[in-house]
**Q** 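Questions regarding the structure given below will be posed in turn.
Remember, predicted model here, so these are calculated numbers, not experimental data. We count ligands from 1, going down the list as the structure has it; atoms in each ligand are counted the same way.
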Amino acid sequence: MENVRDFWRKLWNQHAASDNMFVQIGRSSYTPLEFALAIRDICKALDFNKEDIVLDAGAAVGWISMFISPFVKKIVLFDYAEEMVSKAKELTAYFDNIQVEHDDILFMKKIDGQFTKVISASILQYLENKEQVMTALSNIYKVMAPGGKAMFAHHPDLKKKAAHLDSYNRLDWDKEKIKQSLEMEEKRLWFDIEEIGKMASKTGFSKCYELPINSKLWQSTHMIDFVVEK
Ligand SMILES: C[S@@+](CC[C@H](N)C(=O)[O-])C[C@H]1O[C@@H](n2cnc3c(N)ncnc32)[C@H](O)[C@@H]1O
């Protein structure tokens, strides 16, 4: 039987085939303004400089990396979906400071180094359980430079789950579309910020704090952004 991880990976490989950049990165309802605001949230959290060596985990075809590439020294991006990786290689060929790898945040066999900044935008929700989240946090911790910062963006907030699911019933959608969307919501992992803080501290991070998501973004109604420091 297809497990949740296989379900998501298949979906990501399908999204990679789209010509629409927002579909490719799983943000199909985004406008260019919303993408710019999401990048702004990341830049505010990580305060990039020309010495930064950046890891972009679960980068899809690499749009976030391509937009921040002029402001940092080097970026290594990876994704576990083969089709995302091959498209990322094609697109980032125009960027001499971006390296693309095929890897999984649960293994990170090809990722080595001392990253000063890490971006992990909208990946942890596609893991299966909190043990896998601990593994992901610890894999990221191992490749960070002392004093490094990692931003984890867009995690469904357990405290807002009931209200979020209920909001589907107020949409002007047909019943089947609502049913499918609710099934999808149940496949995601939902997070509690206090629990994230405990997991980050157990991993070894010295700090973990929540940051606000720009209020123009749909994610701000029911998601959490957080930063960890080594
Ligand atoms: C919603 S998209 C986000 C893409 C990009 N980070 C962004 O925010 O624009 C999620 C991406 O994470 C990747 N992904 C999910 N689970 C992963 C894992 N365990 N390891 C590596 N990549 C993963 C998917 O293949 C997909 O490309």
**Q** L106 near ligand 1, heavy-atom distance under 4.0 Å?
**A** no
**Q** May I ask whether D103 places a heavy atom under 4.0 Å from ligand 1?
**A** yes
**Q** Is a side-chain N or O of K149 found less than 3.5 angstrom from the main chain of E229, in a donor-acceptor match?
**A** no
**Q** Can you tell me which portion of W12 lies within the under-4.0 Å heavy-atom range of ligand 1? Options are side chain, backbone, both, or neither.
**A** side chain
**Q** Between E194 and K159, is there a side-chain N and carboxylate O pair less than 4.0 Å apart?
**A** yes
**Q** Nearest protein heavy atom to atom 21 (C) of ligand 1, by residue and atom, and its distance?
**A** Y80 N, 3.4 Å
**Q** How does R27 reach ligand 1, if at all, at less than 4.0 Å between non-hydrogen atoms: by side chain, backbone, both, or neither?
**A** side chain
**Q** Any Lys/Arg nitrogen of E186 or K161 sitting under 4.0 Å from an Asp/Glu carboxylate oxygen of the other?
**A** yes
**Q** Would you say that I119 contacts L46 through its side chain, given a criterion of any heavy-atom pair below 4.5 Å between the two side chains?
**A** yes
**Q** Whether K117 and D52 form a salt bridge (side-chain N of Lys/Arg under 4.0 Å from carboxylate O of Asp/Glu) is what I want to check.
**A** yes
**Q** Among A57, A121, G58, A153, which residue places a heavy atom closest to atom 12 (O) of ligand 1?
**A** G58
**Q** Which protein non-hydrogen atom lies closest to atom 20 (N) of ligand 1, naming both residue and atom, and how far is it?
**A** I105 N, 2.9 Å
**Q** Under 4.0 Å, heavy-atom basis, I'd like to know which part of H15 is in contact with ligand 1: side chain, backbone, both or neither.
**A** neither
**Q** Under a 3.5 Å threshold, yes or no: a donor from one side chain and an acceptor from the other, between H164 and E185?
**A** yes
**Q** Between W218 and H222, how do the two ring planes meet: parallel, tilted or perpendicular, split at 30° and 60°?
**A** perpendicular
**Q** Checking a contact table here: which protein heavy atom is nearest atom 17 (C) of ligand 1, and how many Å away?
**A** I123 CG2, 3.4 Å
**Q** Using the ring centroid of each side chain, check whether F205 and Y141 are separated by less than 6.0 Å.
**A** yes
**Q** My understanding is that we take every heavy atom of each candidate and find the minimum distance to atom 10 (C) of ligand 1. Doing that for G26, S122, A136, which one comes out nearest?
**A** S122
**Q** Between ligand 1 and Q132, can you find any atom pair, the residue atom being a heavy atom, that is separated by under 4.0 Å?
**A** no
**Q** By number and element, which atoms of ligand 1 are closer than 4.0 Å to a non-hydrogen atom of M84?
**A** 27 (O)
**Q** So if you build clusters from Ile, Leu, Val, Met, Phe, Trp, Tyr with side-chain heavy-atom gaps below 4.5 Å, do L55 and I53 land together?
**A** yes
**Q** Going by side-chain contact (heavy atoms from CB on, under 4.5 Å), name the residues that satisfy it together with R40, two or more places apart in sequence or in a different chain.
**A** K44
**Q** Please list the nearest protein heavy atom to atom 25 (O) of ligand 1 with its residue and the distance rounded to 0.1 Å.
**A** D79 OD1, 2.6 Å
**Q** Any idea which protein heavy atom is nearest atom 2 (S) of ligand 1, and the distance to it?
**A** I25 O, 3.3 Å
**Q** Find all atoms of ligand 1 within a distance of less than 4.0 Å from any non-hydrogen atom belonging to A81, and give their numbers and elements.
**A** 25 (O)
**Q** Any atoms of ligand 1 less than 4.0 Å from a non-hydrogen atom of A60? List them with their elements.
**A** 4 (C), 27 (O)
**Q** Taking 4.0 angstrom as the limit and counting only heavy atoms of R5, give me the atoms of ligand 1 inside it, by number and element.
**A** 19 (N)
**Q** I'd like to know if K187 pairs up with E183 as an ion pair, taking the criterion as any Lys NZ or Arg NE/NH1/NH2 lying under 4.0 Å from an Asp or Glu carboxylate oxygen.
**A** no
**Q** Among all protein non-hydrogen atoms, which one is nearest to atom 19 (N) of ligand 1, and what is the separation to 0.1 Å?
**A** D104 OD1, 3.0 Å
